[in-house]
Number of protein chains: 2
Amino acid sequence: MSLARLAALLADPTRAAFCTALLDGRAWTAGELARHAGVAPSTASEHLSRLIDGGLLAEERQGRHRYVRLAGPEVATLIEDLSAFTPLSGTPDGTPGRTPGRTPGRTPAAGSPAPRSLRESTRLSAEARARTCYDHLAGRLGVTVGDAVLARGLVTEEDGPALTALGRAWLTDLGAELPPRAGRPGARPVVRTCLDWTERRNHLGGAFGALLCRTALDRNWVERIGSGRALRVTPDGERALRELLGVEPLPA
Amino acid sequence: MSLARLAALLADPTRAAFCTALLDGRAWTAGELARHAGVAPSTASEHLSRLIDGGLLAEERQGRHRYVRLAGPEVATLIEDLSAFTPLSGTPDGTPGRTPGRTPGRTPAAGSPAPRSLRESTRLSAEARARTCYDHLAGRLGVTVGDAVLARGLVTEEDGPALTALGRAWLTDLGAELPPRAGRPGARPVVRTCLDWTERRNHLGGAFGALLCRTALDRNWVERIGSGRALRVTPDGERALRELLGVEPLPA
DNA sequence: GGGACGGTTCGGCGGGCGCCGAAACGTCGC
DNA sequence: GCGACGTTTCGGCGCCCGCCGAACCGTCCC
């Protein structure tokens, strides 16, 4: 596959919307994505097949459902990198911001294009507070954690972001382990900064960021609310944040 | 600009070919690019305008020439990242590998599509030996230098590639200076590994890689040959390589 | 000044592709 | 078994866009 073919996969507004939505790291059904992007199910089906063929998405069939998710962290990184390049990417709420007047019946103006399970405003404020960004933490929670690991010297930003010896010890104490090849050239970097859409500041990505998020979910420090990417910090989570990172209750 | 619009800029084989060619870090004229891609000058002109509007390319007009180059290192990184994603990108010689039979008269089969100043085979072997990759060194020279800085401990790959204290001292001795903001989040990383097309191994990119390349050109350790990206190591350069990095004369 | 040359603008053409609706298929639940 | 539902396949439509050649403009050089 050539560079042009790869880019062409992302060059369609509908497919781009799919990928952006899937950046939350979860598996969506074909129908959900179709409603989200405001296209017919048949259209969505074709787009998904192309994205899967191209290796950007992975599918998992369950009964009459077709679940689909990003093929891996590299894909998420790629899409983030591309998105970071768009000077004024979309509206503040994260909607991709479709070009007006492409095809009749596709303007997202009247009514929310795809009501999900939480009411729109509730969902947005919940996501601004805490959410997943592919496989790590984002929103105010994300940048708060990012600031904390930096302030406590677990991560340094000298010569590019990296985990310190202190950070490695901290992980060991925590009982969490990085994948063996993390950080090796070609493999996933240990620490990556990822621009946060809502906060307009960096939060923590990479293998370390993913490990933190997974640990937090495993130990029930955070839990999913609704069907989207929004998270809630549990009481256990608040305690862990305070004890492990010196983070206060968390800004509401 | 949305993600889709950005991707659309790279989604055309001709525009992709332009960007790939410009990855050598030099400024090309519109006509050179047109011949290189095998399209009419008028077609190239339109493509260039779109790429410039999109912020991927920068132009510099000189007399009746329109020189054009990548807008910055971020663009080069972006294109490299995307290229790294294509499993079997192009033919071994680095030609983008156009999809066959798109439009009559565009098949690159018969004859070299755009003879540049060196004969094709000469050019290819020269480029395999030493060339620029955007603004840093590539080819056998590039990976050799990359290996050397790693072996001498100037760069480490623990927790992601980074310059060591030894490396900083080495730079100071050399009288070379990194840009002040290099490595800060959002700015250009100090050390980046970049997959070498010909060697299929990593060479040195990032601000450090660019600094080395610029220094080498400034001090006449390497010089351009031909009008392409190929480089030749000068006698001064061989001496510098030996004394500064312990690299032997350089594989022919 | 005049011719050569690089680049641009404009019309016009053709193909690709994204869209939909209708019909069909498979699964699930009653 | 039957209807509901999620998904897919197929035809058909319309637009977008990449291509070219012709004409034109500005620069360079003799």
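Naming convention: chains lettered A, B, ... in sequence-line order (proteins, then strands); numbering from 1 in each chain. Only heavy atoms go into these numbers, but all of them, side chains included; no hydrogens, no water, no symmetry mates.
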Under 3.5 Å side-chain donor-acceptor pair for A:T132 and A:R224 | yes
Quick one: which of B:V75, B:L70, B:L57 gives a side chain to side chain contact (heavy atoms under 4.5 Å, CB included) with B:L51?
-> B:L57
B:R69 with B:E59: basic N within carboxylate O range, under 4.0 Å | no
Separation of B:L51 atom CG from C:dT8 atom P, in whole Å?
-> 13 Å
Sugar-phosphate only, base, or nothing, as touched by B:T29 at under 4.0 Å among non-hydrogen atoms = sugar-phosphate
Nearest-angstrom distance from the residue atom OH of B:Y67 to P of C:dT8 = 13 Å
A:E59 CD to D:dG6 P, in whole Å, measures 18 Å
From the candidates D:dT27, C:dC19, D:dC19, the one with an atom nearest any side-chain atom of B:R64 is D:dT27
Rounded distance (Å) that lies between atom C1' of D:dC17 and atom CG of A:D12 | 14 Å
For C:dG16, does either OP1 or OP2 sit under 4.0 Å from a side-chain N or O belonging to A:R50?
-> no
Do B:I52 and B:R66 come close enough that some side-chain heavy atom pair is under 4.5 Å?
-> yes
To the nearest angstrom, the CG-P distance between A:L48 and C:dC19 comes to 12 Å
Test for a donor-acceptor pair under 3.5 Å between the base of D:dC17 and the side chain of B:E46, counting only N and O atoms.
-> no
Contact under 4.0 Å: A:R66 side-chain N or O vs D:dG6 OP1/OP2 | no
Which comes earlier along DNA chain D counting from the 5' end, the contact point of A:H65 or that of A:T43, where each point is its nearest nucleotide?
-> A:H65
Could A:R188 and A:D135 be called an ion pair, given the rule that one side-chain N must be under 4.0 Å from one carboxylate O?
-> yes
Take the protein atom NE2 of B:H47 and the nucleotide atom P of C:dT9, then report the distance between them rounded to whole Å.
-> 15 Å
For B:E32 and C:dG6, give me the distance from atom CD to atom P, rounded to whole Å.
-> 10 Å
Establish, with yes or no, whether the OP1 or OP2 oxygen of D:dT8 is under 4.0 angstrom from a side-chain nitrogen or oxygen of A:R61.
-> yes
Report the distance from atom CG of A:L10 to atom P of C:dC17, rounded to the nearest whole Å.
-> 15 Å
If you take atom types as modelled and just measure distance, does the side chain of A:S42 reach the base of C:dG21 with a donor-acceptor pair under 3.5 Å?
-> yes
Can you check whether B:R15 has a side-chain N or O nearer than 4.0 Å to OP1 or OP2 of D:dG18?
-> yes
Map A:G63 and A:P41 onto DNA chain C by nearest heavy atom, then report which one ends up closer to the 5' terminus.
-> A:P41
